[in-house]
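For reference, the structure discussed in these notes is given below.
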Amino acid sequence: MLPQDSLSGAGVPPSGQAAPLLHGLNPEQLAAVTLPAGHALILAGAGSGKTRVLTTRIAWLLSTGQAAPGGILAVTFTNKAAKEMLTRLSAMLPINVRGMWIGTFHGLCNRLLRAHHKLAGLPQTFQILDTQDQLSAVKRLCKQFNVDEERFKPKELAYFFAGCKEEGLRPRDVPVRDEDTRNKVELYQLYEEQCQREGVVDFGELMLRSYELLRDNDPVRVHYQRRFAHMLVDEFQDTNKLQYAWLKLLAGDMVDGRLQTRGSVIAVGDDDQSIYAFRGARVGNMQDFVREFGVERQIKLEQNYRSYSNILDSANALIAHNSKRLGKNLRTSQGPGEPVRVYEANSDLAEAQWMVDEIRQLVQGGTATRSEIAVLYRSNAQSRVIESALFNVAVPYRVYGGLRFFERAEIKHALAYLRLLENPHDDTSFMRVVNFPARGIGARSLESLQDVARQIGCSLHDAVSSISGKAGANLGAFVAMIDVLREQTQGQNLRAIIGQMLQASGLIEHYRNEKEGADRLENLDELISAAESFVTQEGFGKDAVALPIDETGAPLTQSPASQGLDPNAPLLNQPLVDADTGETLSPLAAFLTHAALEAGDNQAQAGQDAVQLMTVHASKGLEFDCVFIGGLEEELFPHQNAMSDQGGLEEERRLMYVAITRARARLYLSHAQTRLLHGQTRYNLRSRFFDELPEECLKWLTPRQQGFASYAPDMRAVGAYQSGARGQSGFKSEAFTSPPVPPRKEAPAHGLRVGLAVFHTKFGEGKVLALEGAGDDARAQVNFPRHGTKWLALAVAKLTIVE
DNA sequence: TCGTCCGAGACCGGA
DNA sequence: TCTCGGACGA
């Protein structure tokens, strides 16, 4: 039933239209969907129907007439989530979703900055730097100012700049405590000047600049505050300080130290799934939100519709080890289901082989289709072994992550040319392609070009005319090529522009002559198709109607375009608009924006029934019937970089929690005793997370090793770990079922015995303390005076007996 | 100036 | 194992 008091006045269609929307919601979900106006926090556990609640809420607001499409702003973190929301919405309601602002933080900021680029102090065609571009911009800066790159590593500088921006700090705002910081802040200032001069913004700038735009321009801010009466924020636990401040600005103004809001904000989040602290996410925003917005309604969604209880209990038990939690426990009405299966492999190869065997059984036995099986891992590097194991037995698979479409070198090159067409002063793009394909412009020429540009204070493009000699001729030819191309492609469609660019730049020619160029040529072809489908989706062409603007120069709330009720209209948002002129951004400029904000899929063959391989981070928000989580070893998962502090470890645990809760019916966990990482074999302890799972939910496919500590690379580390959280490990003999593991017998074919002195190429001389295993599996424990005690796989380690 | 070779260092995660 | 940057010879 609809709460009567929340239906606001005139224009409300009969509630009969909304009723089907609400069908099948549980009481908490219903309460969340039909919340009356006002701010609210929804704590939504994994698999509790969060996205459904969000989209139904929007649909409910619209269908009851409480909101117009233009009055809604819904913000997410990933393009995937935004698309999902739009897809579901359009399935629920026969309305055009174009007038709504649904997108990622960065996407919406981009939209704001395009609309008000003058006020924001940006050229209309400003380009967006992705992480790669940003790094090369920083490197260029370092070269220019002769920065000691040993002392200030470009990567660290980029990270520092991004961190400042996430905190909302401009160079003048950064507290300087030491000389080191002072230098960094100076470089930060120079970096900003460089970006501004070149008309480019990085991801952090996108966010910070639009924050400042809203903060410093009252009419604009007020306009959007009025417009967005309903704001919904997904994955609120992942917001950083700046994003939260941005939301506050849109919601209302501070009056006498108190936030006076106009519309209502609904934040949906799960503190247990906060896995982005490394890029500035602040779980504390949830508490701040409750306090500063005066949130009175908090709803917990704890009913899980996804997993059986063995899986859910495991997740609950694991996450209970974290100290800082808002407190929430998932429950399910489904039965216990299958136990969580645990497997210990001798090596990463064996682990992968076991996974593949299990996967084939699942598929052949009809338990699951391939696309409903996911293999999750902590870091991308782990996918290799699994991929090759799958490949060997011809099981189709799909890897997420790694290089994505718009990040491939050839695509970046092509995009750089396109960017130069839009903005000749984009020095990052200039540098990228000025000598690619090679056209006789070497480091020397570029150095002098950069010198000249700095002296005059202009872009590289403009500095070219001041260079004389042979270098000047070559550079001149390059610039002329770009300028001619720009003129020639004026007014042409995107397909034609890209086609001509590929020819004129010599990219096609270059890759045609390259040995391994076929793939790259194919990708360049794919770029044209991508542009083509972008153009149709975004609705450029006949139905592209500019949004009208009001007296403040901002687009009007309700545009005729957004009301053009075309049920078959594409799902994406309306074209980017310049608020001053009402012009839509050119297809090329919009496409470049799209390419920067959405790195795209990494592989085609989407439709195929394939096993899904991805990192745990990438799996967030997804679910599968069967989930394998591999590499559950100390230093890998939890990752070694995260173990230095408590916060890091808790984040790793949340990551594990996310991984576990992806599974609906079957969950497999595994770890390997030895793993080839960074080109060398490592011996890792079984992950501590195993000890935090309830024994009764687990089924050990291999005997649970008591002597786990024997794999420690360093005895001191073992001591520290043993004295820590590790309690009594339950050794359940009845859990030993299939498949049987060959017993390890002493079979000293290697000629070693305890007490023998041996020599290792890396660790030097040492003494054998213990031996175990046989054949390929044989290991020796050796004490090296300088490197401590290690277990070495004799098949791998080169040990010679010292006479 | 260009291409290739080689050694060092990295690989945790993403808009 | 792979990528990057520097060195070196053509």
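So you know, we letter chains A, B, ... as the sequences are listed, proteins then strands, and number each from 1.
Residue A:Ala381 places its side chain closer to B:dC11 than to any other of B:dC11, B:dA15, B:dG14. When each of B:dC12, C:dT1, B:dA15 is scored by its nearest atom to the side-chain atoms of A:Arg384, the top-ranked nucleotide is C:dT1.
Residue contacts for A:Phe105: at a heavy-atom cut-off of 4.0 Å it reaches no nucleic acid atom on any strand shown.
Base pairing in DNA chain B gives the following stems of 3 or more Watson-Crick or G-U pairs, range against range and under 3.5 Å: B:1-10 with C:1-10.
Atom NE2 of A:His106 and atom P of B:dG14 are 14 Å apart (whole Å). Here B:dA15 presents its P atom at 15 Å from CE of A:Met207, a figure rounded to the nearest Å. Straight-line distance from the CZ atom of A:Phe637 to the P atom of B:dG13: 12 Å, rounded to whole Å. As rounded to whole Å, 15 Å separates atom C1' of B:dC12 from atom CG of A:Leu649. Separating the CZ atom of A:Arg378 from the P atom of B:dC12 is a distance of 8 Å, rounded to the nearest angstrom. Residue A:Arg408 contributes atom CZ, which lies 16 Å from atom C1' of C:dC2 at whole-angstrom precision. For the pair A:Met656 CE and B:dG13 C1', the interatomic distance rounds to 17 Å; values are reported in whole Å. To the nearest angstrom, P of B:dG14 lies 13 Å from NE2 of A:His639.
Ring geometry for A:Phe228 versus A:Tyr224: interplanar angle under 30°, hence parallel rather than tilted (30 to 60°). Note on ring orientation: taking the six-membered ring where Trp is involved, the planes of A:His617 and A:Tyr276 are tilted (angle from 30° to 60°).
Cation-pi check for A:Arg654 over A:Tyr657 is not met; the charged atom does not lie both under 6.0 angstrom from the ring centroid and within 45 degrees of its normal.
Under the 6.0 Å cut-off for aromatic ring centres, A:His413 and A:Phe436 qualify, their centroids lying closer than that.
Within 6.0 Å of the OH atom in A:Tyr159, the count of heavy atoms belonging to other residues, nucleotides or ligands does not exceed 12.
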Contact state string [nucleotides 1-6 of chain B, B base, S sugar-phosphate only, - no protein heavy atom under 4.0 Å]: SS----
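Ion pairing of A:Asp234 with A:Lys50 is present here, as a side-chain N (NZ or NE/NH1/NH2) and a carboxylate O approach within less than 4.0 Å. Between A:Lys412 and A:Asp133, at least one side-chain N (NZ, or NE/NH1/NH2) sits under 4.0 Å from a carboxylate O, which counts as a salt bridge. Salt bridge annotation for A:Arg279-A:Glu166: absent, with no cationic side-chain nitrogen under 4.0 angstrom from a carboxylate oxygen. Ion pair A:Lys83/A:Glu598 flagged as a salt bridge, since at least one NZ, NE, NH1 or NH2 atom sits closer than 4.0 Å to an Asp/Glu carboxylate oxygen. Residues A:Arg140 and A:Glu198 are paired through a salt bridge, judged by an N-O separation under 4.0 Å between the basic side chain and the carboxylate. Ion pairing between A:Glu205 and A:Lys165 holds under the 4.0 Å rule for side-chain N and carboxylate O. The existence of a salt bridge linking A:Glu192 and A:Arg170 is confirmed by a sub-4.0 Å separation between a basic side-chain nitrogen and an acidic carboxylate oxygen.
Side-chain N/O atoms of A:Asn641 include one lying less than 4.0 angstrom from OP1 or OP2 on B:dC12. When the side-chain nitrogen and oxygen atoms of A:His617 are compared with OP1 and OP2 of B:dG13, none of them lie within a distance under 4.0 Å.
No aromatic stack links A:Tyr276 and the base of B:dG13, using centre distance under 5.5 Å and interplanar angle under 30°.
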All N/O pairs under 3.5 Å across the protein-nucleotides 7-10 of chain C interface:
none

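Listed by first then second residue, pairs satisfying side-chain hydrogen bond (donor to acceptor under 3.5 Å, both in side chains) with a partner in residues 438-450 of chain A read A:Tyr417-A:Arg439, not counting sequence neighbours. Legend: salt bridge (charged side-chain N to carboxylate O under 4.0 Å, His left out) pairs involving residues 426-438 of chain A, not counting sequence neighbours, sorted by first then second residue: A:Arg419-A:Asp426.
On the P atoms, B:dG13 is 15 Å away from C:dC4, given to the nearest whole Å.
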side-chain hydrogen bond (donor to acceptor under 3.5 Å, both in side chains) between A:Tyr191 and A:Asp202, intermediate numbers included: CA-CA 11 Å; A:Tyr191 170 73; A:Asp202 58 34; 2.8 Å; yes
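For the contact set between residues 130-160 of chain A and DNA chain B, defined by any heavy atom under 4.0 Å, the members are A:Thr131, A:Lys155.
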